[in-house]
Enquirer: 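Input: one structure, supplied below.
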Protein chains: 2
Amino acid sequence: MARRRKNVTIRDVAEDAGVSLQTVSRVINDGPNVRPHLRERVRASIKKMGYVPSLAAQRMSGSRSYILLAINDRERTLADWRERRGTDWVDQMLLGGVLTGAPHGYRMMVELIDTRSEHVERELGAAISALQPDGVILTPPHSENPLITALLEDRGIRFARIGSKARGPGIALTMGDEGAAALATRHLIELGHRRIAMIAGPEQYSLSGWRITGWRAALAEAGLRDEGLLARGDFGFESGLAAARALIARAPRPSAIIASSDQMALATLEAAREAGLAVPDDLSLISFDNTPIVRFTQPPLTAIDQPIAETVSRAVELLIARDEEAGAQGVIEVPAALVPRSSTAAPRAVDRA
Amino acid sequence: MARRRKNVTIRDVAEDAGVSLQTVSRVINDGPNVRPHLRERVRASIKKMGYVPSLAAQRMSGSRSYILLAINDRERTLADWRERRGTDWVDQMLLGGVLTGAPHGYRMMVELIDTRSEHVERELGAAISALQPDGVILTPPHSENPLITALLEDRGIRFARIGSKARGPGIALTMGDEGAAALATRHLIELGHRRIAMIAGPEQYSLSGWRITGWRAALAEAGLRDEGLLARGDFGFESGLAAARALIARAPRPSAIIASSDQMALATLEAAREAGLAVPDDLSLISFDNTPIVRFTQPPLTAIDQPIAETVSRAVELLIARDEEAGAQGVIEVPAALVPRSSTAAPRAVDRA
DNA sequence: ACAAGTCTTGAGAACGCTCTCAAAATGCGC
DNA sequence: GCGCATTTTGAGAGCGTTCTCAAGACTTGT
């Protein structure tokens, strides 16, 4: 299987268009100082010959690599992966990132790094040395890992931290976890709920804290208190089951639960079933993530939709633009929205007491 | 944000180890003809300095790019994406591909291409020119698109076709759709079902045909016929709903349905609900894909698990090994397995008649 | 029409690595 | 210990692009 057709290079195009190689380069990069008729002639040759610049060569000589690197959490096995995530982060990131980067000639690579490994730095360092990306996109929980941000700063690589409100190096983009939690809480309050519980994520994720803050704030607005109706999970199903059982066992029982992930919401559904509670009649439920799963549960779940694709898209724009002020402008917020479905309703009269 | 620490190059390592640049290159590539003590010294320097070869430079000079390109179907919008796929193909491909390629220094990039576009060739051609990957992994429905395979052959790029049994250029890997469908059908026959329906995928996907073949074969083994209990969908929920409704409306009604995707299985669940049929008591249901969704439906679905990660892993191995015989050996099968859950049971006496 | 600028073009070096090929060092048989 | 084959090492070219810098072609003001 030998390489039949040699790749078209910038030299071939230059020859075809009867100009120097440098002029072609200028046209490719939309550089200034090329007379219109020449620019057109070169463009025509490029199209005719189907020329596409080699990423490797561009990286070699130029200062840009046209590669963005997205760092995602990696579970150790496929089973863990499915059990704990169940989200479509990678799919959505690719959709948002690839579509936004493509028109500018940028490609996106995904690197899976296990946060709990002691080799985080080494793995990331190797990826950066090998790829020399123009920008890095960090997702939780890497977004606030100081080892990682320090490494990137040291190497002088621009990066975006998704799901982080902490100021600091890099561009911070958040999906407004505080506001989203408040949104969910208010929705329940408007339906008449007074005892609204929250299953939060692990402390390692700062967004867990923000969601708790938003939940408490919305309760306070309505003159309510959290009544200690807080439980923690690790976003996975099993942890959610334990948390939901504990909350349901409380007396008086909460009439509504906000779960910090779809997996934990599914677990809550299961816990309610065990306890003989109907959703939403006996217990209202709101989920975070809005992955495809929750449209098909019984009942379909009201959920907070995380605009992952949109947020990544925004991050890519800023990284490509090399907007030096983006970081300074503080946190960029792409707000999440509430998608009402059938798992939320007014509480029964007896609960309203 | 200037680049603070300059990248370590092969030259730095050579200097540190007191050898020529070429010797370092040999060590990196596990080349022959380096004396052990020198090899060790160079290895030590590499580790000490944290050197990692630049992918771009390797590609520029050598014949390998250390990049594998995975081609996935791209929906036009996020909504379509979620509606029609709902699968975790990309996640699984990355998991299988990245973990397998990494030890050999290979990276995997994902390219999303819209099959229905007329520009398939142009998009793929551009990606190949830009990246010059050492291998390409095609997923359905691209696996059997002659425009794509011809392009790859013409460029002399090795590729693997996943989910294809057609011999032809490239390495074909299948998850054994025929056998998997037979497995599902036999499972139902053993439970006592006689009227087993199938919701197949679109004709554009050859695996749809193989699943039908397997289904019919298993029926024939048991002395049964298909009774025309076949419907088609496009793997998406809506199409599955229509197909399931049509099958349920048949008289006599099938006592079991095999759906060719999780989304269509969910739709079948919905159609059963509409018709007042209990699953599995009135209707048994088996799904294909086994994405995280089907563990959480009510009831959880018995499903055919597609070993996507394993198959991609195998494909990566073969592409990296540049095993020239792999293609000739015919089709490589990584068989799917049946995961029994609660959506299948013996039919009611009345149906068994 | 001339000097002083600005715009346009191109030549050549550089990026970090592997390839090819030649030179030096080593091993082997006698 | 000698001549030959073999292994080990290194020097230099080349990959496809962009960068830097200098030269040539235009403007403009007078």
Side-chain angles (χ1 to χ4, degrees), chain A residues 3 5-42 45-46 49-67 105 107 126 128-134, chain B residues 3 5-42 45-46 49-67 105 107 126 128-134:
Chain A
R3 180 147 304 181
R5 200 202 295 181
K6 222 173 153 303
N7 261 304
V8 180
T9 77
I10 199 172
R11 191 163 280 115
D12 302 323
V13 175
E15 197 170 328
D16 183 78
V19 298
S20 84
L21 186 160
Q22 179 52 38
T23 300
V24 178
S25 177
R26 286 197 184 92
V27 173
I28 296 166
N29 298 295
D30 286 321
N33 305 337
V34 179
R35 276 196 309 227
H37 81 278
L38 260 194
R39 196 181 286 271
E40 273 324 302
R41 208 162 81 205
V42 171
S45 289
I46 288 176
M49 312 189 72
Y51 167 72
V52 177
S54 152
L55 259 199
Q58 291 191 116
R59 159 58 241 179
M60 278 302 288
S61 63
S63 49
R64 283 180 296 180
S65 66
Y66 292 100
I67 287 180
R107 311 245 152 208
I128 286 174
S129 296
L131 297 171
Q132 294 166 279
D134 287 345
Chain B
R3 182 148 299 182
R5 201 201 295 181
K6 219 170 157 304
N7 260 304
V8 180
T9 77
I10 198 173
R11 192 162 279 115
D12 302 322
V13 175
E15 197 171 326
D16 183 80
V19 297
S20 82
L21 184 161
Q22 178 53 39
T23 300
V24 178
S25 176
R26 286 196 184 93
V27 173
I28 296 166
N29 298 295
D30 285 320
N33 305 339
V34 179
R35 276 193 309 219
H37 80 278
L38 260 194
R39 196 181 287 272
E40 275 323 302
R41 209 164 80 207
V42 171
S45 289
I46 288 177
M49 313 189 70
Y51 168 72
V52 177
S54 151
L55 260 199
Q58 289 192 114
R59 160 57 240 179
M60 278 301 290
S61 62
S63 49
R64 283 182 294 181
S65 67
Y66 292 99
I67 286 180
R107 311 244 152 207
I128 287 174
S129 296
L131 297 170
Q132 293 166 280
D134 287 344

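The chains referred to below are lettered A, B, ... by the order of the sequence lines, with proteins before strands, and numbering in each begins at 1.
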Enquirer: Does Tyr66(A) make a side-chain N or O approach to OP1 or OP2 of dT17(D) shorter than 4.0 Å?
Expert: no

Enquirer: List in numerical order all residues of residues 13-24 of chain B for which some heavy atom is under 4.0 Å away from an atom belonging to DNA chain C.
Expert: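 Leu21(B), Gln22(B) - these, ordered by number, are the residues of the stretch whose heavy atoms sit under 4.0 Å from the strand.
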
Enquirer: Would you tell me if any nitrogen or oxygen in the side chain of Ser25(A) comes within less than 4.0 Å of OP1 or OP2 on dC19(D)?
Expert: no

Enquirer: Can you list the residues that meet the side-chain contact (heavy atoms from CB on, under 4.5 Å) rule with Ala126(A), with sequence neighbours excluded?
Expert: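 Partners of Ala126(A) under the side-chain contact (heavy atoms from CB on, under 4.5 Å) test: Val52(B).
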
Enquirer: Given atom CE of Met60(A) and atom C1' of dC19(D), what is their separation to the nearest angstrom?
Expert: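 Roughly 13 Å, once rounded to whole Å.
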
Enquirer: Over all heavy atoms of both residues, which pair between Asp134(B) and Ser65(B) is shortest? Give the atoms and the distance, please.
Expert: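 Shortest heavy-atom contact: OD1-N, 2.9 Å.
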
Enquirer: Any side-chain N or O of Asn7(A) less than 4.0 Å from the OP1 or OP2 oxygen of dG16(D)?
Expert: no

Enquirer: With nearest nucleotides of DNA chain D determined for Arg26(A) and Arg11(A) from heavy-atom distances, which residue corresponds to the more 5′ nucleotide?
Expert: Arg11(A)

Enquirer: When you measure from the side-chain N and O atoms of Ser61(A) to the phosphate of dC19(D), is any distance below 4.0 Å, counting only OP1 and OP2?
Expert: no

Enquirer: Is the closest side-chain heavy-atom distance between Leu55(A) and Gln58(A) below 4.5 Å?
Expert: yes

Enquirer: Apply side-chain contact (heavy atoms from CB on, under 4.5 Å) to Ser20(B) and list each qualifying residue two or more places apart in sequence or on a separate chain.
Expert: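 Once residues adjacent in sequence are excluded, the partners of Ser20(B) under the side-chain contact (heavy atoms from CB on, under 4.5 Å) criterion are Gln22(B), Thr23(B).
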
Enquirer: Is the shortest heavy-atom distance from the side chain of Leu131(A) to the side chain of Arg107(B) under 4.5 Å?
Expert: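 With C-beta onward as the side chain, the pair touches.
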
Enquirer: Rounded to the nearest Å, what distance is computed from the CD1 atom of residue Ile28(A) to the P atom of nucleotide dT17(D)?
Expert: 7 Å

Enquirer: Please give, in whole Å, the distance from dG10(D) C1' to Ile10(B) CD1?
Expert: 13 Å

Enquirer: Anything under 4.0 Å to a heavy atom of chain B counts; send over the first and last such nucleotide of DNA chain C, read 5' to 3'.
Expert: dG16(C) to dT26(C)

Enquirer: Grab the two heavy atoms, one from Asn7(A) and one from Ser129(B), that are nearest each other, plus how far apart they are.
Expert: OD1-OG, 3.9 Å

Enquirer: Could you tell me the separation between the OG atom of Ser54(B) and the CE atom of Met60(B), rounded to the nearest 0.5 Å?
Expert: 10.0 Å

Enquirer: Do any of residues 32-41 of chain A sit with a heavy atom less than 4.0 Å from DNA chain D, and if so which?
Expert: none

Enquirer: Run the side-chain donor-acceptor check on residues 26-38 of chain B: report pairs under 3.5 Å with partners two or more places apart or on a different chain.
Expert:
{"unit_1": "Asn29(B)", "atom_1": "ND2", "unit_2": "Ser25(B)", "atom_2": "O", "d": "2.8"}

Enquirer: Distance from Met49(B) atom CE to Asp12(B) atom CG, nearest 0.5 Å?
Expert: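 Answer for the CE-CG pair, Met49(B) versus Asp12(B), is 5.0 Å.
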
Enquirer: Over all heavy atoms of both residues, which pair between Tyr51(B) and Thr9(B) is shortest? Give the atoms and the distance, please.
Expert: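 Smallest heavy-atom distance, with atoms named: CE1-C, 3.6 Å.
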
Enquirer: Below 4.5 Å, heavy atoms only, C-beta onward: do Ile10(A) and Pro53(A) meet side chain to side chain?
Expert: no

